[in-house]
Amino acid sequence: MNRVANGVVSWVDPELRELATAAPITLFQRLSSSPKGLTEQEATHRSAVCADNRLQRHEGSVWVGRARSAVASPFVALLTGLGVVFTVLGDLRGAVTVSVMVLLSVVLRWWQQVRSDQALRGLRALVTTTTTVRRRPGDGLAPTEREVPPEDLVPGDVIVLATGDLVPADARVVAANALLVDQSALSGETLPVRKGPPSPVPDRQPRGRTGGEIADLSSVCFAGTSILSGTATAVVITTGPRTYLGTMAEQARHARPESSFDRGVRAVGWTLVRFMLVMAPIVLAVNGTVTGDWAQAALFAVAVAVGLTPEMLPVIVAANLARGAVHLSRQQVVITRLNAIQDLAGMDVLCVDKTGTLTQDRVAYAHSIDPAGRPDGEAAEYAYLAVHFQTCPHNRLDEAIIDQLATDDAPLVTDAAFTKIDEIPFDHTRRRATVVVRQQPGEHILITKGDPDQILPRCTHARRAGEVVELSEADRREAGEVVRAYADHGMRILAVAACEYPARLSGYDEGDEHDLVLVGFVGFVDPVRDSAADAARTLADHGVTVKILTGDNRHVAAQVAAQVGIPVGEIVLGTQVEDADDAQLRRLVARTTVFAQVNPVHKARIVTALRDAGHAVGFVGDGVNDTVALRTADVGIAADTATDVAKDAADLILLDKDLTVLARAMVEGRRTLGNTMKYVKITASSNLGNVLSVLVASATLPFLPMLPIQLMVQNLLYDAAQLALPWDRVDQDYLRRPRRWDTGGLTRFMLTFGPLSSLFDLATFAVLWWLLDIDSPAEQAMFQAGWFIEGLLSQVLIVLVLRTRQTGMQVWTPCGAPSRPVLAAAVAVVLVGLLLPWSQLAGALRMAALPLGYFPWLLAILFSYVVAAQVVKARYLRGGRAWL
Ligand SMILES: Nc1ncnc2c1ncn2[C@@H]1O[C@H](COP(=O)(O)OP(=O)(O)OP(=O)(O)O)[C@@H](O)[C@H]1O
Ligand SMILES: [Mg+2]
């Protein structure tokens, strides 16, 4: 069994180790496979025997797991404890009510979680990934390579991996070309690892160890890791839950650090619980001393404790998130981590790559020129030759070359005239790609295309009118200016160079990319999206700074930034990022909006520096070079057209790749957060008000102002009305700035609006006692019904008033008014509350019908409360304080 420590796999099972070093023939024998792949029939047979290549074992465990997590809330434990106290004190009614509350909050929470799990799964299914597998239609037939969903893989399958792929299962590499794998998802190690078939001489095992570290297995690619560059052919050893990732998944889930949002929710929960722990004993002491009936006082104190426990907080938060996710999906945004919605709300810096995000997804070939800038087709011909033979996946520039130059018979002619010898694949740090071909026996031609800044320094000669001439300093400058002139027009330029080598048997590597002959340049147009400028403006209006992080050169970057309307100051290059230490980098990123010629590691460092400086960072990217940054950012965002690894690393996937959609999604995130904060702040202050009223009443009345059971039913009804809050509108003003889960103002808010609500409770007591003469213990059922109704109505009503920062009558204008569901829920709960003392349940709740003379007073009290709340709100806001 693989041993797992701290969520990190450290030791390797001996069988895997054996397969990792086995000779290909033994490997295929052991897996009953062959280099040509399994037959389709055998694959079907195996997939019937072994489970799907998925991590989730079966749906059931999700349900059970969710139920467990719904029960395992501190609030449930607390309420259960209070229920036990009720039972011990002999108040069965109280115990039953608490049980109903516990059950309700658990069931609601569980249902909410299962539903959002299902929604997430459904949404994820919209985002597909595939794997290239080599299989034979039947015995003796030639193999074909085709794309299958990763679930279909079985042990023994031969798969082909390429740059940007997500490794779908644990697989032994049998052939590889410059394979570089990112194992950070497994080991936390951020540096990429080189992998390839095992060397014929087996690695020596470190002394005293029975196995090796996972990273030592340089011939095995593990499920969940990603291919950063290069290509490989590999045989699947294990799939699904039996892979390393599978055995680790459970632990990994626990090991995942708590997000700032989760921490915030928990902190508020505990603040309220602590508050209750202080208040309940005070209520007990006051009530016990005044009435002398300690058993009764204890029951009451417990009921107050129940009333103060924010047991619905997790439910309301989950409901808000789930609704946010559904709303986003309607806007073509798929969310893969629910809490990312909140992070989206807090995002104040958005880093974007350039191609495909700010520019359109169609890069088009424009022209081919010689080193001096004169039109000349040779550079394009060489570039086409290189692309034609390149096995590493084609990117947009390669596709543009093919679209333009692969006329009907070009591929055939090229194959007939040339033979491919070798390849040094593109990677984002090299920023160039090389192939070696043979045209005539005895002679190899090496062709390199890439970033002019990478190619020019490697050239010693240039082509001029069919001749090869030495590249003088003046020529070099001239070539630099040609590049610059095109870049200033926002065009992308690749330099193309070549050189001849006498034929040889050994392969080629980067050491051979020197003394090149500059053939010329190929130019592309990469037009800026029509919507990009609008989106950038919307983001800026909403308090988000947009920064460009591109691998392209500074002139193109500056040009695009200017077109999109992003202020361009000093442009910082990848080399500067490389040279800066962490502190310097923090200063650098604070003042820079455009970064050019950055590689994947630079992108991640820039994001980290921004986060260290206290920003909440979003990152939009689509390439393999963006994955590390996507994982590092608070919110990683990729389009559905992005490479698999980028999609895997992203929290948000845009089905419609447009930054405007992202801006809308961000607003949706803020709306979600706003509605959550509403519940937290308003409920906490109402609860404080209740406790203050209870304290005063306990000290002055000869009976309880409300029975425990009534207090709890009131609480339940109030929370029921708040379940509609996720569907509420949020102030425009709230949506305009980045918002984080912030409870800084919570105490002040509670201390302002809590006592205010208590004043009107006391007014109710006065009306009941003096004006309606309900002043003897015999009439307490009526008194209690009176406060029950006023308390419930005022709490429900005040949510409608405080939910917006609008004051005066604006609360009822269309933009300030509550949404229909919120209003409907409030009205429903108010009606239920009003009718309870007249209903069948009145007896069980020990409530008596009230004299009708009470209601005009009730109306007057509620009206004055609303007016007073508006006045206090206006004063509160005048202090320049944040509202919700
Ligand atoms: N197919 C290719 N062959 C050779 N060189 C290439 C190829 N594609 C890109 N390059 C070079 O590598 C540079 C960096 O490309 P890379 O894809 O890393 O940039 P990026 O950060 O994704 O850029 P962007 O912001 O435009 O998406 C390009 O500017 C180009 O000069
Ligand atoms: Mg890119």
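As the structure lists them, so they are numbered: ligands from 1, and atoms in each ligand from 1. We use all heavy atoms of the structure for the numbers below, so side chains are in, but hydrogens, waters and symmetry mates are not.
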H367/F524 aromatic ring centres below 6.0 Å: no
Ligand 1-proximal atoms of L397, by part, heavy-atom distance under 4.0 Å: side chain
From CA spacing to verdict: side chain to side chain contact (heavy atoms under 4.5 Å, CB included), L350, L662: CA-CA 10 Å; L350 180 68; L662 181 62; 3.6 Å; yes
Interfacing atoms of ligand 1 (cut-off 4.0 Å, heavy-atom, D398): 1 (N), 2 (C)
Where at least one partner belongs to residues 523-533, residue pairs that pass salt bridge (Lys or Arg N to Asp or Glu O under 4.0 Å), sequence neighbours excluded: K354-D526
Under-4.0 Å salt bridge between E500 and R438: no
Heavy-atom nearest neighbour of atom 19 (O) of ligand 1 within options G551, A557, A433: G551
Element-labelled atoms of ligand 1 that are located less than 4.0 Å from some non-hydrogen atom of T550: 21 (O), 23 (O), 24 (P), 25 (O), 26 (O)
Selected option - heavy-atom contact closest to atom 10 (N) of ligand 1, from F595, F524, F426: F426
N/O separation below 3.5 Å, N553 to ligand 1: no
Under-4.0 Å heavy-atom contact with ligand 1, by part of N395 that carries it: side chain
Side chain, backbone, both or neither: the part of D622 lying under 4.0 Å from ligand 1 by heavy atom: neither
Ligand-residue contact atoms, ligand 1 with G450, heavy atoms, under 4.0 Å: 4 (C), 5 (N)
CA sep, side-chain torsions, deciding dist, call: Q597, D451, side-chain hydrogen bond (donor to acceptor under 3.5 Å, both in side chains): CA-CA 9 Å; Q597 290 185 337; D451 183 348; 3.2 Å; yes
Close-contact set for ligand 1 against D552 heavy atoms, below 4.0 Å: 29 (O)
Option set R431, Q597, R492, criterion heavy-atom distance to atom 28 (C) of ligand 1, minimum: R492
Interfacing atoms of ligand 1 (cut-off 4.0 Å, heavy-atom, D353): 25 (O), 27 (O)
Sidechain N-carboxylate O distance under 4.0 Å for D398, K449: yes
No-hydrogen, no-angle side-chain donor-acceptor test under 3.5 Å, H602 and E578: yes
Per atom 31 (O) of ligand 1, closest listed option by heavy atom (D451, V496, D526): D451
Side-chain donor/acceptor of R631 to backbone N/O of T627, under 3.5 Å: no
D353 and T550: side chain donor to acceptor below 3.5 Å: no
Those atoms of ligand 1 less than 4.0 Å from some heavy atom in L494: 5 (N), 6 (C), 30 (C), 31 (O)
Aromatic ring pairing H444/Y508, orientation class (parallel under 30°, perpendicular over 60°, tilted between): tilted
Polar atom proximity, K354 to ligand 1 (N or O, under 3.5 Å): yes
contact_flag K603 ligand 1 heavy-atom lt 4.0 Å: yes
